[in-house]
Amino acid sequence: MPPASTFRIDSHKLIFHPRRVVQWLNGTLIYPVYMEISPAGICNHRCKFCAVDFVGYKAHFLDTGILLQRLKELGSLGVASIMYGGEGEPLLHRDIGQIVVQTRSAGIDVAMTTNGVFLSPDLASQILPHMSWIKVSVNSGSPEGYAAIHRTKPEDYNTVFANIRSASRLIAENRLKCTLGVQAVLLPENAAEMEMLARRSKDAGARYLVIKPYSQHHKSHARLYEGIDYSPWLNLAESLNCFNDDTFTVIFRTNTINKMQRAERGYGRCMALPFWSYIDAAGNVWGCSSYLGDERFLYGNVLEEDFSRIWRGERRRSSLKMIASELDPEGCRMNCRMDEINLYLWELTHPNGHVNFI
């Protein structure tokens with residue numbers, strides 16, 4: 001297994017898209033490098049820490065025909081990657097296999113976050129050959145702990161690991177480029193089971209286990225872990241090193257945990273939104289997934305018009321103006337997905353002295 005830094009999971013990858021950054025610096029309209037799309041609004045689990053519980057787990061499913069049309073358009077516009085996840089479980093969409101295949105056919109890299117319950121061998125054989133990575137959320141090292149946190153039946157735990165083992169064999173036997181990972185949100189009730197989870201993930205054939213901190217969503221109904229102090233578990237990073245070898249790595253996100261204690265974010269405005277976007281299960285295009293339901297961040301709907309028209313539209317222009325002049329990032333979710341990109345862009349546009357002494 002390459003070192004954790006290879007995938008830059010605790011950092012960002014915008015540095016690999018300098019042309020897009022230069023276009024943005026010059027004031028040219030750019031299309032997203034990366035997008036997240038939620039094929040399904042419904043979920044088969046009710047995790048205790050779910051950040052998007054306020055959306056309501058609605059039984060929305062993106063229209064397959066329209067989505068396939070939009071994927072061709074997105075590829076032609078230069079969108080480089082799409083991650084399927086969102087406010088629901090993506091594998092619940094009945095056409096998810098076709099969607100993944102067509103995404104890659106449009107020239108777009110594909111990834112997915114899933115709880116893995118429905119990652120059957122048949123479905124895995126259809127989608128994994130076309131994917132860059134797939135990450136399975138498993139938030140405990142035991143069936144009982146898993147059931148309590150995911151608020152589901154303990155049998156799902158064994159189903160998920162059976163699916164991970166099957167997917168791992170498929171990847172190995174066919175020499176697929178898809179990277180199979182597991183992720184967990186570190187909580188007081190699962191901290192003692194992280195070694196169990198690492199062992200189980202490695203034995204099942206996952207390439208890595210990401211352990212990340214909980215981040216309170218400002219709209220979420222779940223408040224059980226608000227203000228959680230991670231200092232008692234920072235030593236887990238060292239104790240989990242024993243699982244690391246050429247085939248498996250535990251990526252303990254110490255940097256992200258430490259950032260949560262910082263006094264200031266390090267940037268005065270959110271500058272990252274032109275580089276990414278979010279489409280929910282009802283087809284709505286949002287500037288930021290942390291503000292789902294906030295009309296100020298709603299650009300349009302892909303079921304009603306093409307993405308290019310939405311992206312060039314007045315609603316998006318007004319939203320970006322509001323964000324540039326009014327939105328204080330200190331009120332946003334801590335360590336949002338665009339946090340590292342914002343740190344990078346802020347430094348790029350607000351350089352300190354002596355920058356020419358490289």
Side-chain angles (χ1 to χ4, degrees), residues 1-2 7 9 35-45 47 61-62 64 67-68 71 81-141 143 146-147 150 152-184 197-210 247-251 281:
M1 172 71 184
F7 297 122
I9 288 177
M35 293 184 65
E36 294 183 13
I37 296 180
S38 179
I42 196 169
C43 187
N44 54 309
H45 287 177
C47 296
F61 297 91
L62 273 176
T64 303
L67 177 56
L68 297 184
L71 289 172
S81 64
I82 290 176
M83 193 273 283
Y84 290 108
E87 70 266 26
E89 167 51 48
L91 295 183
L92 285 174
H93 195 294
R94 65 182 182 181
D95 296 322
I96 190 62
Q98 182 183 7
I99 290 168
V100 167
V101 171
Q102 292 302 314
T103 304
R104 189 67 197 101
S105 294
I108 303 171
D109 290 344
V110 193
M112 184 180 295
T113 56
T114 171
N115 59 44
V117 174
F118 300 104
L119 187 63
S120 66
D122 286 345
L123 182 56
S125 66
Q126 184 180 6
I127 66 175
L128 296 189
H130 307 276
M131 300 183 71
S132 297
W133 55 263
I134 186 166
K135 197 179 299 179
V136 183
S137 296
V138 184
N139 294 283
S140 186
Y146 176 89
H150 285 246
T152 187
K153 55 186 183 297
E155 292 78 15
D156 276 1
Y157 182 83
N158 295 325
T159 298
V160 168
F161 272 104
N163 289 341
I164 293 174
R165 282 193 298 273
S166 176
S168 175
R169 287 194 299 269
L170 176 72
I171 290 170
E173 291 170 359
N174 295 277
R175 297 182 180 180
L176 303 182
K177 294 181 179 180
C178 181
T179 301
L180 172 63
V182 175
Q183 69 176 359
L197 179 58
R199 183 175 296 107
R200 189 75 185 267
S201 300
K202 183 175 183 177
D203 290 345
R207 295 286 305 281
Y208 61 76
L209 166 64
V210 174
T247 65
F248 181 81
T249 300
V250 176
I251 303 171

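Only a predicted model underlies this, so the values are computations on that prediction, with no experimental measurement involved. Position 1 is the first residue of the sequence; numbering continues from there.
Smallest separation of non-hydrogen atoms from N174 and L170: ND2-O, 2.9 Å. Summarising the geometry of A281 relative to G41, their closest heavy-atom pair is CB-N, 3.2 Å, with the distance given to 0.1 Å. Among all heavy-atom pairs drawn from G85 and P39, the shortest one is O-CD, 3.8 Å. Residues S168 and L180 share a closest heavy-atom pair of N-CD2, 3.8 Å. Here the closest non-hydrogen pair linking V182 and A206 is CG2-CB, 3.9 Å. The shortest non-hydrogen separation linking Y84 to P90 is O-CG, 3.9 Å.
We find the CD1-CE distance between I108 and M83 to be 14.5 Å, quoted to the nearest 0.5 Å. Interatomic distance, I99 CD1 to T103 OG1, rounded to the nearest 0.5 Å: 7.0 Å. The line from CD1 of I134 to CG of L91 is 6.0 Å long, rounded to the nearest 0.5 Å. Note that the CE atom of M131 and the CG atom of L176 stand 11.5 Å from one another [nearest 0.5 Å].
Looking at residues two or more places apart in sequence or on another chain, you find a side-chain hydrogen bond (donor to acceptor under 3.5 Å, both in side chains) between N115 and N44, E89. For D156, the salt bridge (Lys or Arg N to Asp or Glu O under 4.0 Å) partners at least two apart in sequence or on another chain are K153. When the salt bridge (Lys or Arg N to Asp or Glu O under 4.0 Å) test is applied to R104, the partners found at least two apart in sequence or on another chain are D109. Under the side chain to side chain contact (heavy atoms under 4.5 Å, CB included) criterion, R165 pairs with F161, A162, R169, R200, A204, not counting sequence neighbours. With sequence neighbours left out, K135 forms a salt bridge (Lys or Arg N to Asp or Glu O under 4.0 Å) with no residue at all.
Side chain of H150 to backbone of N139: a donor-acceptor contact under 3.5 angstrom is found. Between the side chain of Y157 and the backbone N or O of G141, at least one donor-acceptor pair lies under 3.5 Å. When atom types are taken as modelled, the side chain of H93 and the backbone of L62 share a donor-acceptor pair closer than 3.5 angstrom. Remark: side-chain polar atoms of S38 are not paired, donor with acceptor, to backbone N or O of G86 under 3.5 angstrom.
Counting heavy atoms from C-beta on, the side chains of I96 and M112 come closer than 4.5 Å. The side-chain heavy atoms of L68 and Q98, taken from C-beta on, include a pair separated by under 4.5 Å. The closest side-chain heavy-atom distance from T152 to Y146 is below 4.5 Å. Side-chain atoms of I171 and R207, non-hydrogen and from C-beta on, never get closer than 4.5 Å to each other.
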Would you be so kind as to tabulate the donor-acceptor pairs closer than 3.5 Å made by side chains of residues 116-130, with sequence neighbours excluded?
from	atom 1	to	atom 2	distance (Å)
S120	OG	L123	N	3.2
S125	OG	P121	O	3.4
S125	OG	D122	O	2.6

Between F61 and D95, does the side chain to side chain contact (heavy atoms under 4.5 Å, CB included) criterion hold? Intermediate values first, please. CA-CA 10 Å; F61 297 91; D95 296 322; over 6 Å; no
Between L71 and I82, does the side chain to side chain contact (heavy atoms under 4.5 Å, CB included) criterion hold? Intermediate values first, please. CA-CA 10 Å; L71 289 172; I82 290 176; 3.5 Å; yes
